[in-house]
Amino acid sequence: MVPLSQMNIKEVEIELYNDPSPRMLAACQNDPRQGVRRLAERLIKHQQAQVQEDARVQGLLIEEKKLWQKGFLLIAGIDEAGRGPLAGPVVAAACILPTRFMLPGLNDSKALTESKREKLFSQIQTQAIDYAIGSAEPAEIDVLNILQATKLAMKRAVEGLTVRPHYLLIDALTLPAVNLLQLPLVRGDQLSASIAAASILAKVTRDRLMVELDALYPEYTFSKNKGYGTSEHMKVLRRLGPCPLHRKSFAPVKEGLSAL
């Protein structure tokens, strides 16, 4: 290897990237050039952040590890997206992760940016043992109520799996209609990696669907509000009334109907 003193800072950066060993780090920390020392400091901070991130993700596997130790190796996390909006379906996902995966940044979908969700969405699809999506349409929500429609969407997601799970970890709910062992976890998308992965699959799937549905009813700007009752959405709802995608059993939509 060329002596460190004979390398320019860019060459040192490349070498440090290829060989981030303690020996190389120490050499950079003791280099008389401030730029080289800063490279070492930056790498150390990155390594520390990586250790913290690995520990955080491992903390999301506490429930899974308990079940794995009991022999339940195929654990499906279940979560939904879209219980609160005034329009569009409620979408659920079921996701079975392997015991080892690489999903840096995995978290509750609500805590992530759209770009981070999109990136993790693809990574989860690639790494998951199996996953499936289920949904319940606005008309079903109106007939059943949102809670029962959410459970129906979750049931459909579980039934869509090609690999039968040994156990279900579900965000806050139980599914009596599903004949599988299950555990509801309040704030499960913050406590379980499997549920967090399902939350991302459900959220991204529903957001993409609402963008597609925007073309059918552009006045409501569903691509922007995703069906939630934003001030702009409410103004259009009061002016035009609901469209077929609206949940007519929801109070703000009922008010829009009565105003016509």
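Formation of a donor-acceptor pair under 3.5 Å by the Gln127 side chain with backbone atoms of Met102 is found in this model. Asp31 contributes no side-chain N or O that, together with a main-chain N or O of Ser5, makes up a donor-acceptor pair within less than 3.5 Å. A donor-acceptor pair under 3.5 Å is formed between the side chain of Arg37 and the backbone N or O of Pro32. A donor-acceptor pair under 3.5 Å is formed between the side chain of Gln182 and the backbone N or O of Leu175. Between the Arg208 side chain and the Lys203 main chain, no donor and acceptor come within less than 3.5 Å of each other.
Cluster annotation: Phe250 and Leu147 are assigned to distinct hydrophobic clusters (Ile/Leu/Val/Met/Phe/Trp/Tyr, side-chain heavy-atom contacts under 4.5 Å, transitive).
Within the 4.5 Å cutoff, the side chain of Val143 has no heavy atoms near those of the Glu140 side chain. At a threshold of 4.5 Å between non-hydrogen side-chain atoms, the residues Leu173 and Met154 count as touching. When side chains are defined from C-beta on, Asp207 counts as touching Arg117, because their heavy atoms get closer than 4.5 Å. Side-chain contact between Ile78 and Asp171 is absent, with no heavy-atom pair separated by less than 4.5 Å. The closest side-chain heavy-atom distance from Met234 to Pro252 is below 4.5 Å. At a threshold of 4.5 Å between non-hydrogen side-chain atoms, the residues Ile133 and Ser135 do not count as touching. A heavy-atom distance below 4.5 Å is found between the side chains of Cys95 and Ile124. Under the 4.5 Å side-chain criterion, counting only non-hydrogen atoms from C-beta, Leu180 is not in contact with Tyr167.
Rounded to the nearest 0.5 angstrom, His233 NE2 and Lys226 NZ are separated by 12.5 Å. Note: Ile170 CD1 to Leu185 CG = 9.0 Å, rounded to the nearest 0.5 Å. Once rounded to the nearest 0.5 Å, the distance linking CG of Leu161 with CD1 of Ile129 reads 11.0 Å. The line from CE of Met210 to OG1 of Thr221 is 9.5 Å long, rounded to the nearest 0.5 Å. Put simply, CD1 on Ile44 and CG on Leu39 are 11.0 Å apart, with the number rounded to the nearest 0.5 Å. Interatomic distance, NZ of Lys254 versus CG of Leu86, reported as 13.0 Å (0.5 Å rounding).
Atom CD of Glu114 is surrounded by 12 or fewer heavy atoms from other residues, nucleotides or ligands within 6.0 Å. Around CZ of Arg164, the count of heavy atoms belonging to other residues, nucleotides or ligands within 6.0 Å does not exceed 12. Applying the 6.0 Å contact sphere to CG of Asn179 captures no more than 12 heavy atoms from other residues, nucleotides or ligands. Within 6.0 Å of NZ in Lys116 there are more than 12 heavy atoms belonging to other residues, nucleotides or ligands.
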| request: Determine, stepwise, if the pair Glu11 / Ile14 fulfils side-chain contact (heavy atoms from CB on, under 4.5 Å). | output: CA-CA 5 Å; Glu11 290 170 336; Ile14 294 171; 5.7 Å; no
| field | Worked check of side-chain contact (heavy atoms from CB on, under 4.5 Å) between Leu97 and Leu103 | value | CA-CA 10 Å; Leu97 291 176; Leu103 296 170; 4.1 Å; yes
| said: Walk me through whether Val90 and Arg247 qualify under side-chain contact (heavy atoms from CB on, under 4.5 Å). | reply: CA-CA 11 Å; Val90 58; Arg247 303 170 181 180; 4.3 Å; yes
| request: Assess whether side chain to side chain donor-acceptor pair (under 3.5 Å) is satisfied between Tyr131 and Gln125, documenting all intermediate values. | output: CA-CA 7 Å; Tyr131 70 91; Gln125 287 181 312; 3.0 Å; yes
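The pair Glu41-Arg38 does not meet the salt-bridge criterion, since no charged nitrogen lies less than 4.0 angstrom from a carboxylate oxygen. A salt bridge links Lys155 with Glu159: the distance from a Lys NZ or Arg NE/NH1/NH2 to an Asp or Glu carboxylate oxygen falls below 4.0 Å. Salt bridge annotation for Glu13-Arg42: present, with a cationic side-chain nitrogen under 4.0 angstrom from a carboxylate oxygen. Looking at Glu232 and Lys224, a side-chain N of the basic residue comes within less than 4.0 Å of a carboxylate O on the acidic one, giving a salt bridge.
In this structure, the ring of Phe222 has its center less than 6.0 angstrom from the ring center of His246.
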Table please: side-chain donor-acceptor pairs of residues 186-198 below 3.5 Å, with sequence neighbours left out.
{"residue": "Asp189", "atom": "OD2", "partner": "Lys110", "partner atom": "NZ", "Å": "3.0"}
{"residue": "Ser192", "atom": "OG", "partner": "Glu64", "partner atom": "OE2", "Å": "2.6"}
{"residue": "Ser192", "atom": "OG", "partner": "Ser194", "partner atom": "N", "Å": "3.3"}
{"residue": "Ser192", "atom": "OG", "partner": "Ile195", "partner atom": "N", "Å": "3.2"}
{"residue": "Ser194", "atom": "OG", "partner": "Glu64", "partner atom": "OE2", "Å": "2.8"}

